[in-house]
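Taking it in order: structure first as structure tokens, then the write-up.
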Amino acid sequence: KSLDIKLISVQEKRRELKGDYEIEKFSIILFEFDQSSIDETNKKIIDFIKGRINPNSEIEITGYTDRTGNPEYNQKLSEQRANAVKSALNRKDATAIGVGQSELLYSNDTPEGRFYCRTVNILVKTKVK
């Protein structure tokens with residue numbers, strides 16, 4: 001099978017006002033088991049991320065948990081984590097959602113995998129002019 005692909009240059013996209021975004025992904029904020037508070041190390045990370053955000057940036061924050069415990073509780077915990085980061089970023093226009101344990105980022109068969117699932121991912125999209 002073949003797939004038709006149309007190559008569009010940056011100049012053409014700008015001429016036709018098609019959206020160009022600079023996209024940065026951050027996934028280095030980790031939480032302790034059953035916690036949604038942001039510790040000092042994570043505050044430093046958030047300060048770095050704040051420096052990468054422009055006033056016109058669109059921000060999407062997604063909270064996660066490991067599979068330990070009750071799925072309903074983990075859903076709420078992931079939302080609390082996402083909202084804690086949103087508050088720390090001080091951006092009321094950011095989108096913050098929690099997915100609980102429904103989307104495991106790493107295998108939960110090891111303690112390390114469970115630890116890395118207790119995180120928040122941040123997507124910063126900034127329109128290029």
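Quantities reported herein were computed from a predicted structural model and do not represent experimental measurements. No hydrogens, no waters, no symmetry mates; every other heavy atom, side chains included, goes into these values.
Partners of Ser57 according to the side-chain hydrogen bond (donor to acceptor under 3.5 Å, both in side chains) rule, which considers only residues two or more places apart in sequence or in another chain, are Thr126. By the ring pair (Phe, Tyr, Trp, His ring centres under 6.0 Å) test, Tyr73 is found to be paired with no residue, residues two or more places apart in sequence or in another chain being considered. Listed by chain and number, the residues in a salt bridge (Lys or Arg N to Asp or Glu O under 4.0 Å) with Glu24 are Arg52 (sequence neighbours excluded). Legend: residues meeting side chain to side chain contact (heavy atoms under 4.5 Å, CB included) with Thr68, ordered by chain and number and at least two apart, are Phe33, Asp66, Arg114. Not counting sequence neighbours, the partners of Ser78 by the side chain to side chain contact (heavy atoms under 4.5 Å, CB included) test are Thr65, Gln75.
Side-chain N or O atoms of Lys50 include one that pairs as donor or acceptor with a backbone N or O of Ala88 at under 3.5 Å.
Applying the ring-ring contact (aromatic ring centres under 6.0 Å, His included) definition to pairs two or more places apart or across chains, those involving residues 88-129 are Tyr106-Tyr116. Annotation: salt bridge (charged side-chain N to carboxylate O under 4.0 Å, His left out) contacts involving residues 35-44, sequence neighbours excluded, comprise Glu40-Lys43. Residue pairs meeting the salt bridge (charged side-chain N to carboxylate O under 4.0 Å, His left out) criterion with at least one member in residues 73-82, sequence neighbours excluded, do not occur. Residue pairs meeting the salt bridge (charged side-chain N to carboxylate O under 4.0 Å, His left out) criterion with at least one partner in residues 82-99, sequence neighbours excluded, are Arg91-Asp93.
Across all non-hydrogen atoms, the minimal contact from Gly69 to Gln101 is O-OE1, 3.8 Å. The heavy-atom pair separating Gly63 from Ala82 by the smallest distance is N-CB, 3.8 Å.
To the nearest 0.5 Å, atoms OG (Ser107) and CZ (Arg67) are separated by 6.5 Å. Rounded to the nearest 0.5 Å, atoms CG (Leu77) and CG (Asn70) are 11.5 Å apart.
Applying the under-4.5 Å side-chain rule to Ile, Leu, Val, Met, Phe, Trp and Tyr, the cluster around Val85 extends to Phe26, Ile28, Ile29, Phe31, Ile38, Ile45, Ile46, Phe48, Ile49, Ile53, Ile59, Ile61, Leu89, Val120, Ile122, Val124.
Between Asn74 and Arg118 the shortest side-chain heavy-atom distance does not fall below 4.5 Å.
Cluster annotation: Leu123 is not connected to Ile97 through the hydrophobic network of ILVMFWY side chains, with a link wherever side-chain heavy atoms come within less than 4.5 Å.
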